[in-house]
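To keep things clear, I will list the structure first and then write my remarks on it.
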Amino acid sequence: MISIKRATTLLLNGKLVAIPTETVYGLGADAKNPIAVQNIYTVKGRPATNPLIIHIPNEGAIIDWAIDIPENAWKLAKAFWPGPLTLILKRHPSVPKIVTGGQDTVALRVPNHPLTLTLLSQFGGGIAAPSANRYGRISPTTAEHVEKALGSDVDYILDGGPCTLGIESTIVSLVDPSPIILRQGSISALELTKILGGKLSDKKELSTVKVPGSSQSHYAPRQPLYLLEKEKLFATLSQLSKENKSSSVLCFGEQPAVTPFLISTWIRMSSHPKDCAQQLYQHLHILDKTDSNCILVEMPPKTPEWLAITDRLQRAAQHATSLIT
Ligand code: TXA
Ligand code: MG
C-alpha cells in the first residue's frame, strides 16, 4: 500500500525512502541528517565527493539551503518549479557538507510529482536524493526498477507509477558570472534563455563548479553498448553476426522482416524526443536483461531537442568505445 505517512516517519528516523519524481526515482534521506545521507552514498556505492541534489517543497524554501541568491534563481524557480530543473547556488552554512560532497555549492530542485510534493510538505525538511540506482548503472523510471536494483537496501519505495519525463533534470549553475548548463535535461537552453533574457552557456568546462557525476561512464548496462550512426550500426551488426555474436538493437527503424543478422532483441525508439526520453531507461533496462554479446544503439539526430538523450547514450557507451573497431 502507498503510504506517505510511513515514508515521512521513516525519513524522520534517518531511513532511506525511494521517491518518485517526474524525471527518475530518487534514493532519499533527510538532508539534515549526516548519518542518513552517508547511508545513501554507501547503498549507491557512490564516491563521497559526488554531491546530492536536495529536493525541497517549494521555491520559498530556497533560503533555508542557499545564500547570496541571485535574481536569476527566483526567475527560473518561478518559471520551472515544480519541474525538471536543478539550480546550483551558494551553500547555506547549515547544510551538512556531506550532502554537497564537501563543495560550497548546493543543488536544489522542487520535483513535480504529487506524492513527493505531499511527502515534502508533511516531512517539512529537504530530501537529499540521487537517482535510485547503483553507481554508474541505469537510472530507475519505475518502482520495480528501484526494487530490482536496491532490494532491501532501501527501507521503503513510494510507488508513484512510471516517471513521466524519464531522464534526469537539467542542471544550471548560478554561481558563475553568467548561468551555465551543467547537465542537459528536458528543459532546453532555449526555454531557459527565454526566462533569463540574457547570456547562458552550455560549456560546462567554463564553470567553476565541479560536477563529479558528469565525467564518468554512467547509465551503463552490463553489456558493452555502442552508439553508432545508422550505416555503421548495420555494418557492425553484419560483422558481429559473421563472428557468431548476437546483438541487441535500439534504433529508430523496424526490425527487417528477413535478416541474416544474429539479433537477440530489437527495440524501436520513438522518433519524438519527449516520448523517446520517457522510454529510454525502460528500454535500456530491457536490453540489459538480454543475453546478447552487445547492445547497438542508433545515434539520435543532431538537433537541440535530442541533446539530453544523446548525452545519456554517450555516457552509457563510454566504457565500451574501445572494444569495437
Ligand atoms: O532529475 C534528477 O535530477 C534526479 C531526481 C531524483 O531528482 N536526480 C539525479 O541525481 O539525477 P544524481 O545524483 O543522479 O545526479 C545529480 C548530479 C550529479 O552529477 C552531481 O555531481 C550533481 O548533480 N550535483 C549535485 N550537487 C551538486 C553541487 N553542489 N555542485 C555541483 N554539482 C552537483
Ligand atoms: Mg544518477
Is the NZ or CZ atom of K90 positioned over W65's six-membered ring, under 6.0 angstrom from the centre and within 45° of the axis? no
Donor + acceptor pair across side chains of N39, T42 (<3.5 Å): no
Could you point out which residue of S264, S292, S241 forms a side-chain hydrogen bond (donor to acceptor under 3.5 Å, both in side chains) with S246? S264
For L10, does its backbone N or O pair with a side-chain atom of R6 as donor and acceptor, under 3.5 Å? no
Is the side chain of T259 donor-acceptor paired with the backbone N or O of Q255 at a distance under 3.5 Å, no angle test? no
Using distance only, find each side-chain donor-acceptor pair of residues 154-165 under 3.5 Å and give its atom names and separation, not counting sequence neighbours.
{"residue": "D155", "atom": "OD2", "partner": "L16", "partner atom": "N", "Å": "2.9"}
{"residue": "Y156", "atom": "OH", "partner": "M1", "partner atom": "O", "Å": "3.0"}
{"residue": "Y156", "atom": "OH", "partner": "S3", "partner atom": "N", "Å": "2.8"}
{"residue": "D159", "atom": "OD1", "partner": "G161", "partner atom": "N", "Å": "2.9"}

State whether the side chain of T100 and the backbone N or O of K97 hold a donor-acceptor pair below 3.5 Å, judged by distance alone. yes
Who are the ring pair (Phe, Tyr, Trp, His ring centres under 6.0 Å) partners of F80, not counting sequence neighbours? none
Expected output: side-chain N33 to main-chain I35 donor-acceptor under 3.5 Å: yes
If we ignore hydrogens and angles and just use 3.5 Å, is the side chain of R137 paired with the main-chain N or O of A149 as donor and acceptor? no
Donor-acceptor check, side chain of K203 to backbone of I180, threshold 3.5 angstrom: yes or no? no
Distance-only donor-acceptor check, side chains T310 and Q314, under 3.5 Å: no
Who pairs with K242 by salt bridge (Lys or Arg N to Asp or Glu O under 4.0 Å), at least two apart in sequence or on another chain? none
State, without any angle test, whether T86 and R183 hold a side-chain donor-acceptor pair at a distance under 3.5 Å. no
Can you confirm whether the side chains of E168 and S139 place a donor and an acceptor under 3.5 Å from each other? yes
